[in-house]
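Worksheet: one structure, shown below.
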Amino acid sequence: MPKRKHPPRADNAPCPCGSGLHRERCCGPFLDGTSLPPTAEALMRSRYTAFVEGRTDYLLDTWLPRTRPPLLELEPNQQWLGLSIRATSAGGVGDDRGEVEFVARSRIAGRGIRLHERSRFQRVDGRWYYVDGDFPG
Ligand SMILES: [Zn+2]
């Protein structure tokens, strides 16, 4: 079975995070390193996009060093189907911590996977990082 290639990244393509915006007006600048996500939710969305695009470098860069795994291997056959943000708590432009609860759907070899996670984020020196998460319900 051939390895799935990363999807093409046209600038006017819809953002994989499902915001309804073009990638270049949403997660694109964060993944390209030209700007920083202003909120915990924006970081959360850009990390979902990084999963879709196979960007382990971005996933590790936006992981708090204290909780970051030494390396990250993505499932090459995972097909991401969509992200839905269920709730946010703090994580705004004036906060240093925040939580985002979301559901991310994907499929591996025809098997549907539903990830329901409440993620914690922390801002250090002006940058938001993913800390860890738990699984409500
Ligand atoms: Zn996006």
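Nothing fancy with the numbering, it's 1 onward along the sequence. Both ligands and their constituent atoms are indexed starting at 1 by order of listing.
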Co-members of Val93 in a cluster of I, L, V, M, F, W and Y side chains, linked at under 4.5 Å =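 Members other than Val93 - counting any ILVMFWY side chain reachable under 4.5 Å - there are none.
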
Excluding Val131, membership of its hydrophobic cluster (Ile, Leu, Val, Met, Phe, Trp, Tyr; side-chain heavy atoms within less than 4.5 Å) reads Leu64, Val124, Tyr129

Once the angle between the rings of Phe51 and Trp80 is folded into 0 to 90°, is it parallel (under 30°), tilted (30 to 60°) or perpendicular (over 60°)?
-> tilted

Would you list the protein N, O or S atoms within less than 2.8 Å of the Zn ion (ligand 1), leaving out water?
->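 Less than 2.8 Å away from the Zn ion (ligand 1) sit Cys15 SG, Cys17 SG, Cys26 SG, Cys27 SG.
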
Would you mind checking if Asp125 and Arg127 are paired as a salt bridge, meaning a charged N to carboxylate O distance below 4.0 Å?
->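 Salt bridge absent between Arg127 and Asp125.
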
Set of residues satisfying salt bridge (charged side-chain N to carboxylate O under 4.0 Å, His left out) with respect to Arg118, sequence neighbours excluded = Asp134

Residue pair Ser119 / Glu117, side-chain donor-acceptor N/O under 3.5 Å |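 Their side chains do contain a donor-acceptor pair, which is all the 3.5 Å distance test asks for.
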
